[in-house]
Amino acid sequence: MSDGSEDCPVLHVDMDAFYASVVLRGRPELAGVPVVVAGGGDRGVILCATYPARRRGITSGTPTAQARRRCPELVVVPPDFAAFAEASGAVFEAFASVTPEVEPLSQEEAFLHVGGARRTGTPRALGETVRARVVERVGITCSVGVAATRSVAKLASRRAKPDGLVVVPPTEVRAFLDPLDVGELWGVGPSTRARLERMGVTTVADARRLPLELLQAALGRAGGAQVHALLRGAEGGRLHAAFRPQERQRSIGSDRTLARDVGDAEELHGVLLGLTLGVTARARRAGLVASTVAVRVRYPDFTTVSRARTLAEPTATTRDVHALAVHLLDDLRDPGRAVRLVGVRLAGLRDTSGHAEQLALGDPERGWRHTDEAVDRVRQRFGSGALARATLLDTPAAAAPPQAAAEAPGPDATGWWSW
DNA sequence: TCTGGGGTCCTAGGACCC
DNA sequence: TCTGGGGTCCTAGGACCC
């Protein structure tokens with residue numbers, strides 16, 4: 001990506017232990033104590049660990065149960081997503097006060113392009129300004145990496161943690177990267193790292209000696225090209241999805257790890273309905289319909305399988321999606337095995353505005369959509385608890401593919417929902 | 001007490017069409 | 001009748017990131 005990057009340094013700003021820091025703002029008595037933010041109960045994992053907890057070997061992704069065993073005095077705090085969103089908004093306001101070119105990566109992380117702001121100071125000084133403003137306005141610390149490219153700035157901020165700043169000038173990129181383990185590169189995960197290790201390389205300096213063709217043969221066309229670029233401190237082709245925030249969302253999904261493994265079909269259909277309600281409501285809120293519905297199942301041994309079906313007519317109707325999801329699940333699942341997780345995802349999203357109205361007035365399909373819309377309105381006004389699902393009154397119909405279900409919606413059209 | 005939930009992108013193979 | 005190639009869409013699974 002050639003954007004005159006030498007003249008336009010990039011700041012990568014990353015909040016330090018963001019979720020935990022937000023929680024700790026109001027709990028000064030927990031300073032210095034190993035604290036983690038974790039939800040999900042017995043089968044959950046750590047969302048965020050404070051630095052005292054990290055020194056005990058607990059990082060995000062660690063199973064909560066394992067963390068408790070490793071550190072009996074661990075303080076486990078449930079996530080407060082509303083507080084995270086509020087803090088995130090304040091953080092991004094602080095970013096915007098330094099440069100208008102803010103590229104968000106997540107709730108707690110962004111690239112700041114400061115080429116246009118350089119008159120007001122060196123990149124290092126701008127980075128320190130960001131850090132000071134974030135602390136001042138939000139009360140939590142962040143770390144900043146400065147480099148000519150995003151991929152190096154990202155590594156630099158990691159080096160700066162916690163509560164620091166690291167500048168890697170273009171002339172020092174090689175020296176900075178050379179000793180790193182290839183697994184530290186952004187986009188090189190455990191699988192790619194293992195493959196490289198089998199090729200005899202573990203450090204960036206070693207891996208850089210591998211020709212592009214060899215990397216592509218081992219890692220695939222795109223993957224090989226990406227690693228080749230990252231080893232040189234260049235941007236790489238696909239860095240992160242959030243680099244194109246202007247593009248429309250590709251999919252909307254939800255999955256649930258069950259409190260215990262479940263083999264009962266009815267129970268799984270019920271879970272699927274709950275997930276479908278959420279997913280279709282999100283699609284409708286965004287003004288999107290989906291042409292593909294996918295269902296996923298994870299077995300206790302962690303093998304994960306999926307089934308997807310593309311529809312002739314895109315939909316965001318709860319009943320249609322649920323009917324198809326149930327069909328896919330029953331087709332996919334080995335009835336002799338209990339499942340650990342089920343999920344549903346909508347893909348092939350497009351704007352409702354471009355979705356031609358194909359249905360005649362009086363078509364039962366309209367009824368379903370209007371039912372969904374009415375429910376959406378009630379929930380928007382009174383909260384999602386205002387409407388609860390009663391029972392699935394038409395299980396046989398709901399289990400049929402949508403075209404069959406639409407032919408015979410039956411008198412239950414008003415019974416789907418209850419107050 | 002092993003392993004969450006939200007996503008994106010890539011690859012490979014098959015179907016289908018020209 | 002046989003053979004080949006290219007393009008596109010769909011599906012299933014993997015890898016990765018926060």
Side-chain angles (χ1 to χ4, degrees), chain A residues 12 14-15 17-19 36-49 58-70 78-79 81 84 88 104-110 150-151 154 158 183-196 216-227 230 236-245 247-261 275 278-279 282 291-312 328 331-332 340-349:
Chain A
H12 179 253
D14 199 358
M15 304 307 298
F18 180 60
Y19 288 176
V36 296
V37 176
D42 289 348
R43 296 173 116 173
V45 299
I46 304 296
L47 277 171
C48 183
I58 296 163
T59 58
S60 62
T62 305
T64 308
Q66 192 177 311
R68 285 188 200 273
R69 257 177 286 137
R70 194 173 297 173
F81 291 105
F84 301 154
S88 176
L105 277 173
S106 71
Q107 248 187 339
E108 48 143 324
E109 198 186 341
R150 297 176 180 92
S151 67
K154 171 98 178 158
R158 193 186 302 168
E184 292 183 65
L185 295 177
W186 193 27
V188 176
S191 171
T192 301
R193 192 199 174 280
R195 261 185 251 194
L196 290 170
Q216 288 185 309
L219 308 173
R221 238 172 86 91
Q226 150 107 341
V227 169
L230 293 176
R238 39 156 184 168
L239 277 183
H240 194 284
F243 280 7
R244 292 178 303 284
E247 284 183 20
R248 203 185 38 260
Q249 191 169 10
R250 303 300 180 119
S251 70
I252 297 174
S254 186
D255 43 37
R256 198 67 60 220
T257 294
L258 308 168
R260 53 181 170 74
D261 300 334
L275 296 171
V279 155
R282 277 157 63 199
S291 59
T292 302
V293 175
V295 162
R296 208 156 76 102
V297 158
R298 175 129 72 211
Y299 292 109
D301 68 359
F302 250 68
T303 56
T304 306
V305 286
S306 63
R307 281 285 178 284
R309 188 74 63 240
T310 296
L311 302 159
L328 290 170
D331 178 53
L332 162 70
R340 176 190 175 88
L341 167 147
V342 288
V344 61
R345 179 164 295 275
L346 304 177
L349 302 177

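The model shown is predicted, which means the values in this text are computed figures rather than measured ones. Worth knowing before you read on, the calculation uses all heavy atoms, side chains too, and leaves out hydrogens, waters and symmetry mates. Each chain gets a letter, A, B and so on, in the order the sequences are listed, and its residues count up from 1.
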More than 12 heavy atoms of other groups within 6.0 Å of A:Arg68 CZ: no
With syn defined as a glycosidic angle within 90 degrees of 0 and anti as anything else, the base of B:dT1 is syn
Its glycosidic angle compared against 90° from 0, C:dC2 adopts the form anti
Between A:Tyr19 and A:Phe81, how do the two ring planes meet: parallel, tilted or perpendicular, split at 30° and 60°?
perpendicular
Minimum-distance nucleotide (side-chain atoms of [X] versus [options]):
{"X": "A:Arg298", "options": "B:dT8, B:dG4, B:dT3", "answer": "B:dG4"}
{"X": "A:Arg256", "options": "C:dA12, B:dG6, B:dT3", "answer": "B:dG6"}
{"X": "A:Arg250", "options": "B:dT3, C:dA15, B:dC9", "answer": "B:dC9"}
{"X": "A:Glu109", "options": "C:dG13, C:dC18, C:dC16", "answer": "C:dC18"}
{"X": "A:Thr292", "options": "C:dT11, B:dG6, B:dT1", "answer": "C:dT11"}

For the C1' atoms, the ones on C:dG4 and on B:dC17, what distance do you get once it is rounded to whole angstrom? 14 Å
Under 5.5 Å between ring centres and under 30° between planes: true for A:Trp186 and the base of C:dC17? no
Checklist line | Under 3.5 Å: donor-acceptor pair, side chain of A:Ser291, backbone of A:Gly348 | finding: yes
A:Arg345 and A:Ser251: side-chain donor and acceptor closer than 3.5 Å?
yes
Checking all strands, does [X] fall into the base, sugar-phosphate, or nothing category for heavy-atom contacts under 4.0 angstrom?
{"X": "A:Ile46", "result": "nothing"}
{"X": "A:Leu185", "result": "sugar-phosphate"}
{"X": "A:Arg340", "result": "sugar-phosphate"}

Taking for A:Leu275 and for A:Gln66 the nucleotide of DNA chain B with the nearest heavy atom, the one nearer the 5' end belongs to A:Gln66
